[in-house]
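Sequence lines set the chain letters: A, B, ... in the order given, protein chains first and strands last, and positions in each chain run from 1. Heavy-atom basis, side chains included; hydrogens, waters and symmetry copies ignored.
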Amino acid sequence: MAPVTRAGAAQPLPPPPTLTEQGLERYETTFRQHYQEWAVILQRNAERLARGQYSLHWLDTDKANWGRRAKPSSRGLTYTDINNVKPYGDMPVEADWRNFTARGSVREPYRHEMPTIEEYTVLDRGEVWADNVITLYEEAKARQWNATRDIPWHELEPLPEDLEKATCQLCTFLTEVEFVAGDFPAKWMYRIPQDFLEVKSFLATQIMDEARHQEVFRKRAIAGGGLMHAAPGFEWALQAILQAPTHTMGTFLLNLLGEGLVLSIFRSGEMIAKTHVDKEIFRRCLQDEARHVSYGVMQFKYYLDTHANREQALEEMHRFADVGEQVILSAFTEPALVESVAVLLGGGLEHIDNGMEGMIKLWSMLIDEYLQRCERAGFPRRGRCTIPQQMPWRAA
Amino acid sequence: MAGATATQADAVPFPSVAWFQRLADLMNADRVKHEHLGYVDCVAQFTVLDGGPGRTPWSVQITFEEFAAVDVREARPADAARADFALEATLGTWRAMIESIAGGGGRPALDQTLNHLSHMGTPVRVVSDDPLRRDLYFRYNQSLQEFVNASSAFRTGFSS
């Protein structure tokens with residue numbers, strides 16, 4: 001029987017379990033639930049070892065695709081080269097292997113003994129595939145660069161204060177953008193099953209690209225004076241990208257629309273750069289960004305082309321774009337972005353009005369490029385775009 | 001010193017297939033640099049709007065594959081669809097860029113890079129009927145910049 005204590009003499013309650021303890025307890029519970037199934041496999045294998053016997057079942061190639069050797073092409077051995085070997089390139093329309101087994105391996109005999117990874121929820125190939133994804137993956141690997149080594153940092157010299165502040169403000173903005181640009185593919189990558197391994201591989205390069213971009217912009221700002229102002233308009237837009245309800249909707253918002261606009265900013269950044277260091281930074285980054293835009297366009301096209309009800313898909317995407325364009329608009333009207341670019345375009349704070357004239361031209365151009373990309377994907381958006389085709393700016 | 005001049009007897013004339021072929025040869029001879037930059041897979045057209053006979057347009061197409069420029073050929077208007085994108089500018093614009101590259105020892109002035117010249121659509125215009133093919137210009141921009149930067153390694157002659 002538990003000892004009875006009076007209220008006045010009560011001992012302090014034990015501290016609540018920490019998050020680590022709670023997590024560990026859940027993990028242990030799950031382990032015990034699954035252990036029944038594990039134990040069968042463990043016992044079978046342990047007993048065989050104890051008997052001194054081998055299985056050697058893995059030498060049986062009856063159900064394997066054994067002996068069809070992949071041949072390298074001029075660039076080495078690409079995914080395309082190995083996918084040309086039947087049936088390794090056969091990709092399901094709907095993935096039903098929600099575990100870590102490799103597409104094309106002997107796995108059917110073991111299906112009933114293997115776990116299901118509940119987190120793999122993006123099972124529709126139409127939600128992730130793009131016909132250029134293998135090309136983009138190979139290109140991404142080949143065109144990686146190093147923000148520490150490949151930028152001529154030793155040539156960086158101080159700019160006049162207004163230009164330096166504008167440059168650092170632009171870099172601060174871009175650092176925020178790159179955070180979500182990395183987190184979005186990371187969020188979805190672990191929801192995509194392994195049968196779409198080529199897509200996962202490409203997303204891994206995008207995550208690396210975006211890590212390098214935030215690195216290079218952070219370095220540029222701190223080497224030039226310091227990080228400047230965060231901006232609320234950006235934050236709402238970035239949250240909207242991260243919270244997109246489906247992968248295709250999110251990649252439309254991030255890669256086709258958002259990165260398309262960021263690509264324009266990078267091209268502008270290269271154009272208005274006041275040092276060779278900044279030129280190099282923006283030129284390197286815009287190349288990476290163009291790959292992501294290309295994936296966004298072709299992923300969206302594949303989604304529409306393969307959807308069972310194209311009209312329904314188009315209407316849903318229009319509904320999504322009606323909202324998505326507005327959140328992107330909120331980012332691209334933030335003074336921390338618009339004004340810093342205008343100062344750089346004009347050549348100084350006293351010429352900001354001239355810079356805004358340049359911004360007006362840029363605005364029209366980047367909206368037109370966005371609409372062209374929509375059309376390329378099979379998404380006629382020109383008559384329904386909610387972003388004004390002319391920049392909402394009236395000279396004082 | 002190599003570079004852009006109008007008078008040197010050993011200068012390679014611009015615009016000409018020979019001038020672009022020299023750039024291709026230099027690119028192919030410097031494979032290490034281009035391996036570092038990465039794959040380039042596109043057909044780029046350079047057009048000199050007043051570079052042909054009677055100040056008519058003159059164009060050349062360069063086919064890039066992997067780390068090399070594998071083909072250089074003069075292009076007629078009927079060949080335009082073969083190019084992923086075309087960079088169009090007057091002879092004066094190209095000349096200023098080439099002279100800037102030569103003057104910088106292989107690095108153009110800040111306002112003479114390909115992107116700077118083309119970003120606003122003037123004085124260099126990027127032409128393509130397909131946004132995806134046009135985006136190749138951006139995907140390979142550093143390599144294309146290095147491609148033209150190599151012109152500092154030889155003398156360029158201009159007809160006027």
Side-chain angles (χ1 to χ4, degrees), chain A residues 73-76 132 135-136 138-146 149-150 152 155 256 260 263-264 266-276 278-280 282-294 297-298 301 345 358 361-362 364-365 368-377, chain B residues 31-42 64-68 70 84-85 87 97 100-101 104-149:
Chain A
S73 52
S74 63
R75 299 174 187 221
N132 60 356
T135 301
L136 292 172
E138 292 293 339
E139 184 177 307
K141 286 185 295 172
R143 294 193 78 84
Q144 291 293 301
W145 52 280
N146 186 324
R149 185 194 62 209
D150 291 332
E155 294 183 22
L256 192 154
L263 172 59
S264 297
F266 286 172
R267 286 154 53 197
S268 302
E270 200 274 352
M271 186 185 77
I272 59 187
K274 307 302 178 193
T275 70
H276 287 292
D278 295 335
K279 284 259 174 203
E280 191 81 18
F282 282 110
R283 204 158 48 228
R284 298 274 186 168
C285 288
L286 73 86
Q287 301 184 121
D288 300 335
E289 218 69 1
R291 277 197 303 276
H292 310 157
V293 173
S294 191
V297 172
M298 291 302 278
K301 182 177 189 308
L345 269 174
K361 288 183 191 170
L362 278 177
S364 303
M365 189 181 73
D368 191 54
E369 287 180 356
Y370 159 61
L371 294 171
Q372 285 178 30
R373 291 186 180 111
C374 286
E375 284 160 12
R376 183 64 172 81
Chain B
R31 187 177 170 92
V32 172
K33 176 196 276 185
H34 289 277
E35 281 184 354
H36 184 67
L37 292 173
Y39 293 150
V40 195
D41 293 296
C42 64
F64 296 97
E65 281 182 16
E66 203 172 348
F67 308 114
V70 298
D84 291 304
F85 57 86
L87 302 177
M97 183 193 81
S100 178
I101 291 168
R107 183 159 77 174
L110 295 173
D111 61 355
Q112 290 294 330
T113 61
L114 287 173
N115 179 71
H116 184 103
L117 294 168
S118 63
H119 181 43
M120 301 297 275
T122 182
V124 173
R125 196 161 77 103
V126 184
V127 181
S128 179
D129 56 6
D130 180 348
L132 275 181
R133 296 175 80 193
R134 182 191 59 215
D135 284 352
L136 294 173
Y137 171 58
F138 309 124
R139 274 160 61 182
Y140 306 131
N141 197 267
Q142 182 78 23
S143 297
L144 295 167
Q145 186 65 56
E146 295 291 346
F147 179 73
V148 296
N149 284 356

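With sequence neighbours excluded, the residues that form a salt bridge (Lys or Arg N to Asp or Glu O under 4.0 Å) with Arg107(B) are Glu155(A). Under the rule for a side-chain hydrogen bond (donor to acceptor under 3.5 Å, both in side chains), Ser128(B) has no partner lying at least two apart in sequence or in another chain. By the side-chain hydrogen bond (donor to acceptor under 3.5 Å, both in side chains) test, Thr275(A) pairs with Asp278(A), sequence neighbours left out.
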Stepwise side-chain hydrogen bond (donor to acceptor under 3.5 Å, both in side chains) test for Ser143(B) and His34(B): CA-CA 7 Å; Ser143(B) 297; His34(B) 289 277; 4.8 Å; no
CA sep, side-chain torsions, deciding dist, call: Arg139(B), Arg143(A), side chain to side chain contact (heavy atoms under 4.5 Å, CB included): CA-CA 9 Å; Arg139(B) 274 160 61 182; Arg143(A) 294 193 78 84; 6.0 Å; no
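Contact count versus chain B (heavy atoms, under 4.5 Å) is highest, among Arg283(A), Lys361(A), Met298(A), Glu289(A), for Arg283(A). Contact count against chain B (heavy-atom pairs under 4.5 Å) is highest for Asp150(A) among Ile272(A), Asp150(A), Val293(A). Ranked by heavy-atom pairs shorter than 4.5 Å toward chain B, the options Glu138(A), Met365(A), Arg284(A) are led by Arg284(A). Heavy-atom pairs under 4.5 Å with chain A were tallied for Asp135(B), Asp130(B), Asn115(B); the largest tally goes to Asn115(B).
Under the 4.0 Å criterion applied to side-chain N and carboxylate O atoms, Arg267(A) and Glu270(A) are not assigned as salt-bridge partners.
Both the backbone and the side chain of Tyr140(B) come within less than 4.5 Å of a heavy atom in chain A. When heavy atoms are compared at a cutoff of 4.5 Å, Lys141(A) does not approach chain B at all. Residue Glu35(B) touches chain A through its backbone alone, counting heavy-atom pairs closer than 4.5 Å. Of the atoms belonging to Ser118(B), not a single heavy atom falls under 4.5 Å from chain A.
Using a 4.5 Å heavy-atom cut-off against chain B, the contacting residues of residues 370-377 of chain A are Gln372(A), Arg373(A), Arg376(A).
Listed for the Gln287(A) side chain is a donor-acceptor partner under 3.5 Å among the backbone atoms of Gln142(B). No donor-acceptor pair under 3.5 Å is formed between the side chain of Asp368(A) and the backbone N or O of Ser364(A).
Taking the six-membered ring wherever Trp is involved, the centroid distance between the rings of Phe64(B) and Phe147(B) falls below 6.0 Å.
Nearest heavy atom pair, residue Glu65(B) against residue Asp41(B), reads CA-OD1, 3.6 Å.
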